[in-house]
Amino acid sequence: MASNEPKGTKKRVGRKRLPPLAPGPALQFVVASHPDDFKADDTMRNIRSHVMYKHRGEQREGPPRDRSKSGEPRTRPRARPKSSTRTPSPMTTSSDGMMEDINFLTTTRGRSTTWDSEISNYISYSPQLGPMRDLATRIISATTSEPSRSAPATFDPSIEFPFPPSPSLGMDSLEELKQIYMNNEFFCQGHPWMEIVCSTRMSFLSHVSVCCVYQDLSEGFLEDSPLTVYAKTKVLRMIKDSLQGLSTQMDDFTILSILHLLTSEVGGFDEEAFDVHQDGLIRIVHQRGGISHLGHNGRIATFLIVVILCFSVLRGHSEPVMLHGFVPSRRQSLLLDRPHPISPLYAPRGDLSSLYGHCSDYTYEILCDMHELTRTFIARWNYIGDVFPPGSSSELASFDSHMQQIYTRLLLRPSTDDDLTPDWIYESCRLAALIYCRSIVQGVPLSDSANVMHARSSGADITGSTMISALHNALENTDRRGNWGDMYGVFLWICLVGGAASYPSHHSVFGERDNLHTPAGWVRKSFALFSVKASLAHGMDDAPAVVEAQRTMLQVQSLINLKRGITSQ
């Protein structure tokens with residue numbers, strides 16, 4: 001017998017109606033770590049809810065043209081920035097070498113703001129514009145505006161640009177802004193190199209975005225400021241557009257812009273994503289035929305090897321195979337002949353005498369000891385396999401004894417942080433040496449030595465203070481504007497030691513959002529950015545020496561791991 005019950009009244013078996021979701025913000029992003037996650041029930045439910053709220057709101061308010069004439073205010077209550085932005089994602093290649101995934105920029109970064117329709121409400125939370133930010137704002141607006149076909153590259157503030165106009169904003173010439181930028185010392189590395197960097201809008205803007213990151217750090221902002229995020233957002237879009245073009249997807253400026261993007265993200269929380277991005281860059285270089293095939297008379301290759309080796313030191317990784325055997329050529333400065341970056345990692349013929357007189361005698365003694373320690377340690381552990389030649393036992397014991405004597409001598413050196421006028425350069429060298437020497441002598445990771453409690457000479461205020469925090473504090477108290485002048489090689493050594501020591505021995509993976517506002521998070525990002533800047537302090541002039549110092553540091557890290565593995569057996 002047929003049922004008289006209307007068909008529409010039947011209920012699905014096993015289905016339970018859930019309570020409605022609360023309305024969300026006007027613009028929402030769907031993020032996931034795997035494509036299948038986009039089809040998850042909760043994700044699809046949020047999408048349907050968002051669409052229906054928007055649809056019903058439009059029905060109540062009428063067509064867009066009517067709403068624009070209403071008397072209701074357009075602004076909304078202020079809201080703090082959301083905690084996610086976009087950064088590069090994996091890139092794959094087809095069998096013929098062409099890139100298949102042109103969506104190179106899809107992985108989430110968990111810590112900075114996201115630009116949406118309410119960006120004007122974020123301005124009250126951004127730092128006030130100083131000289132650098134004012135110039136960066138003008139450059140960002142100029143590089144992201146559409147160039148005129150018949151007129152010089154100028155810009156007029158548009159609705160899209162989310163920052164309030166200032167007296168300096170007007171019809172600025174991009175060429176004039178470029179010259180102003182190159183004449184400043186905001187992370188610039190020599191005029192010839194900056195001419196290359198600023199020759200395209202994408203590479204120019206990517207460099208400015210890195211400069212904004214350093215400015216944020218100097219002003220005490222660990223997360224990206226709104227201006228920085230806006231610049232990065234535009235850079236990401238430009239890189240995506242470049243990757244879509246057959247003639248631009250592997251050119252020098254795409255490579256350069258990705259390197260700048262990686263620099264702006266170094267020291268962040270997501271190491272796995274960083275690996276993916278760097279691997280994608282390496283694949284692009286491989287498709288170009290290798291590092292030696294990059295253009296501009298080897299300058300792009302030089303910049304790449306310095307930056308990638310710095311990343312490798314910081315993150316405790318081995319040197320990428322692509323870089324093996326490549327040595328950049330020395331480019332003599334046209335202004336002056338700078339001295340070599342002498343340090344415990346780099347001293348031709350073992351001569352550190354050029355440092356004498358530029359620091360205290362005690363500082364000089366520490367540096368000589370650390371160079372001798374480096375040389376002895378490499379000689380002691382740089383062998384193939386575990387087979388020693390006959391009669392080597394006494395020689396190896398002599399090496400070990402010599403390194404222990406250096407460590408004992410270092411432990412007896414006093415701190416000056418409680419003096420009325422502390423010698424912060426000495427203190428920075430002493431603390432970096434303690435971390436470096438302890439790991440070498442005891443065969444433990446630099447991060448372990450960095451987290452040993454720091455006991456001041458007075459014995460006061462040791463609670464919660466680690467060696468790496470004390471080193472960071474000492475370095476911050478020095479004048480870092482000139483990277484210590486003739487001692488900039490020593491400054492680089494301290495930054496590399498501190499940078500490698502501030503990274504944890506195990507890296508976080510995608511989705512782990514540890515609190516970067518902790519002292520450890522601040523120290524880690526600070527040392528990472530210091531290290532990159534110090535590696536590029538003199539541009540291309542001293543690149544061969546810097547690369548040799550970086551490779552020595554990588555060798556020391558590798559041999560520490562080797563020693564730890566053998567002694568633990």
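Being a predicted model, the structure only gives us computed values, none of them experimental.
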Would you indicate whether the side-chain heavy atoms of Met467 and Leu431 approach each other to under 4.5 Å? yes
Validation row: Ser502, His472 side chains within 4.5 angstrom (heavy atoms): no
I want to check something: taking the side chain as every heavy atom from C-beta on, are Ser535 and Leu492 in contact at a cut-off of under 4.5 Å? yes
His317 side-chain N/O to Val313 backbone N/O, donor-acceptor pair under 3.5 Å: no
So, Phe527 versus Tyr503, ring centres under 6.0 angstrom or not? no
N/O donor-acceptor pair under 3.5 Å between Glu319 side chain and Ser312 backbone: no
Under 3.5 Å: donor-acceptor pair, side chain of Arg315, backbone of Glu271: yes
Going by heavy atoms in the side chains, are Thr228 and Ser209 under 4.5 Å from each other? no
Any sub-3.5 Å donor-acceptor pair from Arg288's side-chain atoms to Met250's backbone N or O? yes
Separation between NE2 (His293) and CG (Asp252), nearest 0.5 Å, reads 12.5 Å
Does the ring center of Phe303 lie less than 6.0 Å from the ring center of His260? yes
Output yes when a side-chain donor or acceptor of Ser439 lies under 3.5 Å from a complementary backbone atom of Pro445, and no otherwise. yes
Between Tyr346 and Trp493 (judged by ring centroids, cut-off 6.0 Å), do the two rings come close enough to count as a pair? no
Might you work through the side-chain hydrogen bond (donor to acceptor under 3.5 Å, both in side chains) test for Thr466 and Ser469, ending with a clear yes or no? CA-CA 5 Å; Thr466 60; Ser469 296; 3.1 Å; yes
Sidechain-backbone polar pair: Arg201 side chain, Ala142 backbone, donor-acceptor under 3.5 Å: yes
Measuring from atom CG of Leu281 to atom CG of Leu259, what distance do you get when rounded to the nearest 0.5 angstrom? 5.0 Å
Test side chain to side chain contact (heavy atoms under 4.5 Å, CB included) applied to Leu294 and Ile255, step by step: CA-CA 9 Å; Leu294 302 184; Ile255 292 171; 3.7 Å; yes
Taking side chain as C-beta onward, heavy atoms only, is Pro320 less than 4.5 Å from Ile308? yes
Are a donor atom and an acceptor atom from the side chains of Asp134 and Thr137 found within less than 3.5 Å of each other? no
Which value, rounded to the nearest 0.5 Å, describes the distance between Tyr436 atom OH and Leu446 atom CG? 8.5 Å
Quick one: do Ser343 and Tyr488 satisfy side-chain hydrogen bond (donor to acceptor under 3.5 Å, both in side chains)? Show the steps, please. CA-CA 8 Å; Ser343 74; Tyr488 86 96; over 6 Å; no
Whether the side chain of Asp251 engages the backbone of Thr254 through a donor-acceptor N/O pair (distance < 3.5 Å, no angle test) should be reported. yes
With a 4.5 Å cut-off on side-chain heavy atoms, are Glu548 and His340 touching? no
Any side-chain heavy-atom pair from Leu475 and Thr478 closer than 4.5 angstrom? yes
Within the 6.0 Å centroid threshold, strictly below: Tyr181 and His207: yes
Ser225 side chain to Asp216 side chain, donor-acceptor N/O pair below 3.5 angstrom: yes
Could you tell me whether the side chain of Asn183 and the main chain of Gln179 form a donor-acceptor pair under 3.5 Å? yes
Is any side-chain heavy atom of Ser242 closer than 4.5 Å to a side-chain heavy atom of Met202? yes
Does the Thr143 side chain pair with the main chain of Ile140, one donor and one acceptor, at a distance under 3.5 Å? yes
Ion pair present between Asp279 and Arg283, side-chain N to carboxylate O less than 4.0 angstrom? no
Salt bridge between Glu265 and Lys232, side-chain N to carboxylate O under 4.0 Å? yes
Pair Glu195, Arg299 - check salt bridge (Lys or Arg N to Asp or Glu O under 4.0 Å), show working. CA-CA 12 Å; Glu195 285 283 358; Arg299 284 188 169 90; over 6 Å; no
Looking at Lys178 and Glu175, does any basic side-chain N land under 4.0 Å from a carboxylate oxygen? yes
Plane angle bin for His296 and Phe253 - parallel if under 30°, tilted between 30 and 60°, otherwise perpendicular: perpendicular
Would you say Ser206's side chain and Ser203's backbone share a donor-acceptor pair under 3.5 angstrom? yes
Determine whether the aromatic ring centres of Phe274 and Phe311 lie less than 6.0 Å apart. yes
